[in-house]
Visitor: 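The structure under discussion is supplied below as structure tokens; questions concerning it will follow.
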There are 2 protein chains.
Amino acid sequence: MKNTIKETRLKYNLTQDELAEQLNVSRQTIISLEKGRYNPSITLAFKLSRIFKCTIEDIFLYEEG
Amino acid sequence: MKNTIKETRLKYNLTQDELAEQLNVSRQTIISLEKGRYNPSITLAFKLSRIFKCTIEDIFLYEEG
DNA sequence: CACCAATGTAAAATAAGCTTTACGTAAAGT
DNA sequence: ACTTTACGTAAAGCTTATTTTACATTGGTG
């Protein structure tokens with residue numbers, strides 16, 4: 001699943017460390033998410049949507065298959 | 001996190017088995033989700049939103065804390 | 001060049017989502 | 001009574017998300 005985490009994070013001028021801290025996850029988690037290595041829990045997705053002031057659907061692009 | 005899976009499933013006249021099949025998960029997963037025993041992956045949340053023709057935010061109510 | 005901040009990689013460990021199997025219960029139909 | 005359908009529980013096991021630690025790389029700045 002594609003996501004816009006990196007772009008949006010940069011729009012907010014946040015480092016990976018800062019975003020990780022706001023989400024209460026490790027920096028590794030941010031890196032792995034930005035790199036698309038895995039998909040987050042819905043809880044993490046919601047936290048991201050709060051910080052980025054948008055919907056989950058704005059951040060994550062789901063394509064079935 | 002609260003969700004409206006059970007209510008929405010019933011609105012669509014689906015059994016737990018049928019919903020599980022459409023989502024490609026086990027019936028146990030549906031039961032556990034409806035009972036709020038755990039939160040789904042974002043992938044499963046997206047699949048649900050497709051089947052229920054609504055947004056993830058319509059199905060799941062996230063309250064921070 | 002040396003230094004520091006930000007990003008990246010890799011591997012091992014833990015937590016959480018999800019499956020599988022097996023059994024229990026209650027309602028509805030025959 | 002017996003069967004079927006739908007829902008529920010419990011436990012063991014597998015898979016994937018997330019953490020932790022440690023080290024490498026790149027770019028800017030003194």
Side-chain angles (χ1 to χ4, degrees):
Chain A
M1 176 158 20
K2 300 246 168 167
N3 71 69
T4 65
I5 298 178
K6 181 164 192 171
E7 296 83 329
T8 314
R9 170 173 67 78
L10 293 176
K11 211 177 293 178
Y12 278 87
N13 271 312
L14 293 169
T15 68
Q16 292 177 336
D17 248 333
E18 290 166 341
L19 180 56
E21 202 177 352
Q22 290 198 38
L23 290 166
N24 272 317
V25 298
S26 69
R27 187 170 63 89
Q28 266 315 310
T29 296
I30 305 298
I31 291 177
S32 295
L33 288 177
E34 290 188 352
K35 292 274 166 186
R37 289 208 235 280
Y38 56 66
N39 303 123
S41 66
I42 194 179
T43 303
L44 191 42
F46 263 113
K47 286 185 187 172
L48 271 167
S49 77
R50 288 289 168 93
I51 292 176
F52 288 164
K53 303 187 201 312
C54 63
T55 67
I56 290 178
E57 287 84 355
D58 287 331
I59 305 174
F60 295 93
L61 182 59
Y62 176 69
E63 338 182 15
E64 44 208 325
Chain B
M1 178 159 18
K2 299 245 167 166
N3 71 68
T4 66
I5 298 178
K6 181 163 192 172
E7 295 85 330
T8 313
R9 171 174 66 80
L10 292 176
K11 211 177 294 179
Y12 278 88
N13 271 312
L14 294 171
T15 68
Q16 292 177 335
D17 249 333
E18 290 167 341
L19 180 57
E21 203 177 352
Q22 290 197 37
L23 289 166
N24 272 317
V25 298
S26 69
R27 187 171 63 91
Q28 267 314 309
T29 297
I30 304 299
I31 291 177
S32 295
L33 287 177
E34 290 189 352
K35 292 276 166 186
R37 289 208 234 280
Y38 57 66
N39 303 124
S41 67
I42 195 178
T43 304
L44 190 43
F46 264 114
K47 286 185 187 171
L48 272 166
S49 77
R50 287 290 169 90
I51 292 175
F52 288 164
K53 302 189 202 311
C54 62
T55 66
I56 290 178
E57 287 83 356
D58 287 331
I59 305 173
F60 295 92
L61 181 59
Y62 175 68
E63 339 183 14
E64 43 208 324

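Below, read A as the first sequence line, B as the second, and so on, with proteins coming before strands; counting in each chain starts at 1.
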Visitor: Answer yes or no: does atom CD of B/E21 have more than 12 heavy-atom neighbours from other residues, nucleotides or ligands under 6.0 Å?
Guide: no
Visitor: Just call it for B/D17: base, sugar-phosphate, or nothing, with non-hydrogen atoms closer than 4.0 Å on any strand.
Guide: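 Counting heavy atoms under 4.0 Å across all strands, no contact is made by B/D17.
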Visitor: Kindly say if A/S41 contacts the phosphate of D/dT18, meaning a side-chain N or O under 4.0 Å from OP1 or OP2.
Guide: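 For D/dT18, OP1 or OP2 has a side-chain N or O of A/S41 closer than 4.0 Å.
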Visitor: Considering only D/dA17, C/dG8, D/dC7, which nucleotide approaches the side chain of A/E34 most closely?
Guide: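 Among the listed nucleotides, the one closest to the side chain of A/E34 is C/dG8.
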Visitor: What is the distance, to the nearest angstrom, from the OH atom on A/Y38 to the P atom on C/dC18?
Guide: 15 Å
Visitor: Give the nucleotide from the list D/dC7, C/dG8, C/dG17 with an atom nearest to the side chain of A/I31.
Guide: C/dG8
Visitor: Would you say B/K6 reaches D/dG8's phosphate, i.e. side-chain N/O to OP1/OP2 under 4.0 Å?
Guide: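 Result: yes.
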Visitor: Hey, are the side chains of A/Y12 and A/I51 touching, using non-hydrogen atoms and a 4.5 Å cut-off?
Guide: no
Visitor: Please report, rounded to the nearest Å, how far the P atom of C/dA10 is from the CZ atom of A/R27.
Guide: 14 Å
Visitor: Between the main-chain N or O of A/E7 and the side-chain N or O of A/T4, is there a donor-acceptor pair closer than 3.5 Å?
Guide: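 A pair under 3.5 Å: no.
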Visitor: Any idea which of C/dT9, C/dT19, C/dG17 is nearest the B/V25 side chain?
Guide: C/dT19
Visitor: Under the side-chain contact (heavy atoms from CB on, under 4.5 Å) criterion, do A/V25 and A/L44 qualify, and how do the steps go?
Guide: CA-CA 9 Å; A/V25 298; A/L44 191 42; 3.9 Å; yes
Visitor: Without decimals, in angstroms, what is the distance between B/L19 CG and C/dC18 C1'?
Guide: 15 Å
Visitor: How close or far is atom C1' of C/dA6 from atom CG of A/L14, stated in whole angstroms?
Guide: 13 Å
Visitor: Between A/Q28 (CD) and D/dT16 (P), how many Å, whole number?
Guide: 19 Å
Visitor: Return yes if a side-chain donor-acceptor contact under 3.5 Å exists between A/T29 and A/S26, otherwise no.
Guide: yes
Visitor: In this structure, how many angstroms lie between the P atom of D/dT19 and the CD atom of A/Q16, rounded?
Guide: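 In whole Å, D/dT19 P and A/Q16 CD are 14 Å from each other.
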Visitor: Expressed in angstrom and rounded to an integer, what is the separation of B/K35 atom NZ from C/dG17 atom P?
Guide: 18 Å
Visitor: Can you tell me the distance, in whole Å, between the CZ atom of B/R37 and the C1' atom of C/dC18?
Guide: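 Roughly 14 Å, once rounded to whole Å.
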Visitor: Reckon B/T29 touches a base, only the sugar-phosphate, or nothing at all at heavy-atom distances under 4.0 Å?
Guide: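 Since a base atom lies under 4.0 Å of B/T29, the category is base.
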Visitor: Under 4.0 Å, heavy atoms only, any strand: does A/S26 hit a base, just the sugar-phosphate, or nothing?
Guide: base
